[in-house]
Amino acid sequence: MKRNAARGGDLRRALRAAQLAWLFPGAGHLYLGARRRAAVFCTLVLLTVGLGVACDGNLGIIDARRAPVLTTLQVGAHLSLGPLDPLMRLSMYGSLLYREEQGGGSPVKAAALERRRRRFYRPYSNYGSTYLLAAGLMNLLLILDAWDIGIGRRS
């Protein structure tokens with residue numbers, strides 16, 4: 001009986017750590033008491049995001065015409081950045097652009113797509129997009145690491 005109660009506590013702790021890690025890079029590790037790791041991970045992810053934005057990178061959007069599975073995975077990687085993802089989309093495109101509209105979409109979405117296309121043709125856009133994707137994937141790994149530490153699988 002005590003063992004199950006301890007497991008429930010570990011699961012709640014792990015879930016809280018994973019939620020915090022999703023909300024802000026490094027916050028899950030800070031919650032678990034790993035301050036140095038939290039600082040390093042936060043700096044690494046935010047620096048990578050900053051480089052991606054500085055190099056005019058684009059965030060992924062779901063495109064049903066070209067590789068919908070891959071573009072959906074790309075959007076999922078960016079969503080692992082938590083609230084940073086919609087904030088970046090709003091600042092870059094002026095809209096929460098997650099899907100390529102087929103046919104006539106709203107004027108707001110059309111303007112956002114045009115902003116995205118203009119960013120695509122800038123000199124370092126491919127590098128910036130790669131940095132943004134790497135930041136999302138890194139944060140996904142950090143969320144999973146916080147979960148593992150929270151359930152006691154790792155220390």
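It should be emphasised that the depicted structure is a prediction, and the values quoted were computed from it without experimental measurement. Residue numbers start at 1 and run along the sequence shown.
With a 6.0 Å radius and a threshold of 12 heavy atoms from other residues, nucleotides or ligands, Arg115 has its CZ atom above the threshold. The environment of CZ in Arg122 is crowded: more than 12 heavy-atom neighbours from other residues, nucleotides or ligands sit within 6.0 Å.
The distance from the OG1 atom of Thr130 to the OH atom of Tyr124 is 14.5 Å, given to the nearest 0.5 Å. Distance CZ/Arg65 to OG1/Thr71: 10.5 Å, rounded to 0.5 Å. Atoms CG and CG, from Leu23 and Leu81 in turn, are 12.0 Å apart once rounded to the nearest 0.5 Å. In this structure, NE2 in His29 is found 3.5 Å from CG in Asp145, a value given to the nearest 0.5 Å.
At a cut-off of 3.5 Å, with distance as the only test, no side-chain donor of Tyr127 or Asp56 sits close to an acceptor on the other residue. Side chain to side chain, Tyr131 and Asn126 fail the donor-acceptor criterion of an N or O pair below 3.5 Å.
Side-chain contact between Arg118 and Glu114 is present, with heavy atoms from C-beta onward closer than 4.5 Å. The shortest distance between side-chain heavy atoms of Asp63 and Arg99 does not fall below 4.5 Å. At a threshold of 4.5 Å between non-hydrogen side-chain atoms, the residues Thr48 and Met138 count as touching. The shortest side-chain heavy-atom distance between Leu113 and Ser95 does not fall under the 4.5 Å cut-off. Under the 4.5 Å side-chain criterion, counting only non-hydrogen atoms from C-beta, Ile61 is not in contact with Tyr98. Val75 is not listed as a side-chain neighbour of Thr72, based on a closest heavy-atom distance of 4.5 Å or more.
The pair Arg13-Asp10 fails the salt-bridge criterion, with no side-chain N (NZ, NE, NH1 or NH2) lying under 4.0 Å from an Asp/Glu carboxylate O.
Shown here are the side chain to side chain contact (heavy atoms under 4.5 Å, CB included) partners of Cys42, two or more places apart in sequence or in another chain: Phe24, Leu46.
Using modelled atom types, one side-chain atom of Lys109 and one backbone atom of Leu96 make a donor-acceptor pair closer than 3.5 Å.
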